[in-house]
Amino acid sequence: MKLIDTINLSSFEGSTPIWQSPAGNLLDLSFEAILNPAVIANRRPNLWRYREAIPIVEDKHIISQDEGFTPLLFIDFDGKKIGIKQEQLFSTGSYKDRGATVLMSHIRSLGIQQIVQDSSGNAGCAIAAYAAMANIDCTIYLQTQTSPSKIAQIKAYGAHIELIDGTREDAAEATKIAAQKIYYASHSWNPFFFHGTKTFAYEVCEQLGWKAPDSVVLPAGNGTLLLGCYIGFTDLLKAGIISKMPKLIAIQSENCAPLAQAFFTHQKEYSIGETTPTLAEGIAIAKPVRGNQLLQIVKESLGDFITVTEAEITNAWKDCVAKGYYIEPTSAATIAGLKKYIAGYPDETVISLFSGHGLKSTDTILKLIS
Ligand SMILES: *Cc1c(COP(=O)(O)O)cnc(C)c1O
């Protein structure tokens, strides 16, 4: 089992920049987030309105496109109005910009000139975009079968691409080897990414009038938003703004559901099993680096896992586009899970999201509509 070491902000500022502990463990960051609703109310509508809750010391290092504070639209699903954060509206087309703006600002504060990263596509797009803004040399490792539109987007930002003819895990292994020499801007290892994705929780809470929802339905691949939400709601609890952690409901594709399988059988550690391809390519992670941590936080929140079939993903996607929301098929997996969840809990305040834009996956969508 991967262990987690928790360190403070100044420990990241040594002569050798770190993204994992010297023992090879995961790192979490201990940091006191300051949240003052009266001050925040007067700030620009982007995620840096929570400035004192984001672990970047000096403003001059911030790399931002005024991202965040996405609309929370109440959309009718199966006769019930559900708050859906419009995370497909970020500049690079997915919520990964939340993590990228904070992680790349941290990287700039360390004076790093060169980074590597691996991705199923969207995290690569976000890191490449913010690396371009920061003028940092960036190489993204991808599987050969990555969606052509995501490869094009990453290249367009000027990043180098290494195509790995193998599994998503092979791409991750190749990146870890490169990361022995070059800084690893990983969205699964690096804790600064989660201190960006956590702003999703702040925004949800603020947009509900500084109240927590009963539950939040989220995708679970590497769980970057799931873990971010846990951190964000924990910060809000500590600040005394909310009094209860919402239930975190994690959605996996039935074709790739290592965490759900472990959760359903009450295991503390997941095992790597058989997986098959899924329309939800963005959450097809057979070996999530922080998988056991995700099992723990979902349990602690009194939440649950839900798996969805390919037919359910397709139907949810069709339902969304028929309503005028052009989302990528990965995002429809979360909505398919949401539909299952609200059928069982009709009286709760439930929040979910559109995680990525449809223009990301023209190739898959052409197949879906033919
Ligand atoms: C990254 C991503 C997800 C899932 O994210 P994890 O952090 O791997 O759990 C879901 N939808 C889209 C569009 C994404 O880009």
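Atoms within each ligand, like the ligands themselves, are counted from 1 in listed order. Worth knowing before you read on, the calculation uses all heavy atoms, side chains too, and leaves out hydrogens, waters and symmetry mates.
Here Lys60 pairs with Glu58 under the side chain to side chain donor-acceptor pair (under 3.5 Å) rule; sequence neighbours left out. Every residue meeting the side chain to side chain contact (heavy atoms under 4.5 Å, CB included) condition with Phe264, not counting sequence neighbours, appears here in chain and number order: Ala260, Asp304, Phe305, Thr307.
Taking the charged nitrogens against the carboxylate oxygens, Asp76 and Lys323 have no contact shorter than 4.0 Å, which rules out a salt bridge.
Scanning the protein for heavy atoms near atom 4 (C) of ligand 1, the closest one is Ile283 CG2, 3.3 Å. With respect to atom 2 (C) of ligand 1, the closest heavy atom belonging to the protein is Lys96 NZ, 2.4 Å. For atom 7 (O) of ligand 1, the closest non-hydrogen atom on the protein side is Thr224 OG1, 2.4 Å. When hydrogens are left out, the protein atom nearest atom 5 (O) of ligand 1 is Tyr95 OH, 2.8 Å; that is the closest non-hydrogen contact. Remark: minimum distance from atom 12 (C) of ligand 1 to any protein heavy atom is reached at Ser355 OG, 3.3 Å.
Near Asn122, the atoms of ligand 1 lying under 4.0 angstrom from a non-hydrogen atom of the residue are 12 (C), 13 (C), 14 (C), 15 (O). Atoms of ligand 1 found under 4.0 Å from any heavy atom of Gly221, numbered from 1 in the order shown, are 6 (P), 8 (O), 9 (O).
Within a 6.0 Å sphere centred on CD of Glu32, other residues, nucleotides and ligands contribute 12 heavy atoms or fewer. In the displayed structure, Lys340 atom NZ is contacted under 6.0 Å by more than 12 heavy atoms of other residues, nucleotides or ligands.
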Trace of the side-chain contact (heavy atoms from CB on, under 4.5 Å) decision for Lys339 with Glu312: CA-CA 9 Å; Lys339 285 162 164 269; Glu312 287 165 341; over 6 Å; no
Salt bridge (Lys or Arg N to Asp or Glu O under 4.0 Å) assessment of Glu203 paired with Arg49: CA-CA 10 Å; Glu203 290 177 20; Arg49 68 202 266 108; over 6 Å; no
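Selection from Leu226, Asn222, Thr197 by nearest heavy atom to atom 8 (O) of ligand 1 gives Asn222.
Proximity of His187 to ligand 1, defined as any heavy-atom pair under 4.0 Å, is not found for any part of the residue.
Summarising the geometry of Asn190 relative to Tyr184, their closest heavy-atom pair is ND2-O, 3.7 Å, with the distance given to 0.1 Å.
Residue contact check for ligand 1: Ile285 places no non-hydrogen atom closer than 4.0 Å to it. The closest approach between Ala220 and ligand 1 falls below 4.0 Å for a heavy atom of the residue.
The distance criterion of under 3.5 Å between nitrogen or oxygen atoms is not met by Glu328 with respect to ligand 1. On a distance-only criterion, Gly223 and ligand 1 share at least one N/O pair closer than 3.5 Å.
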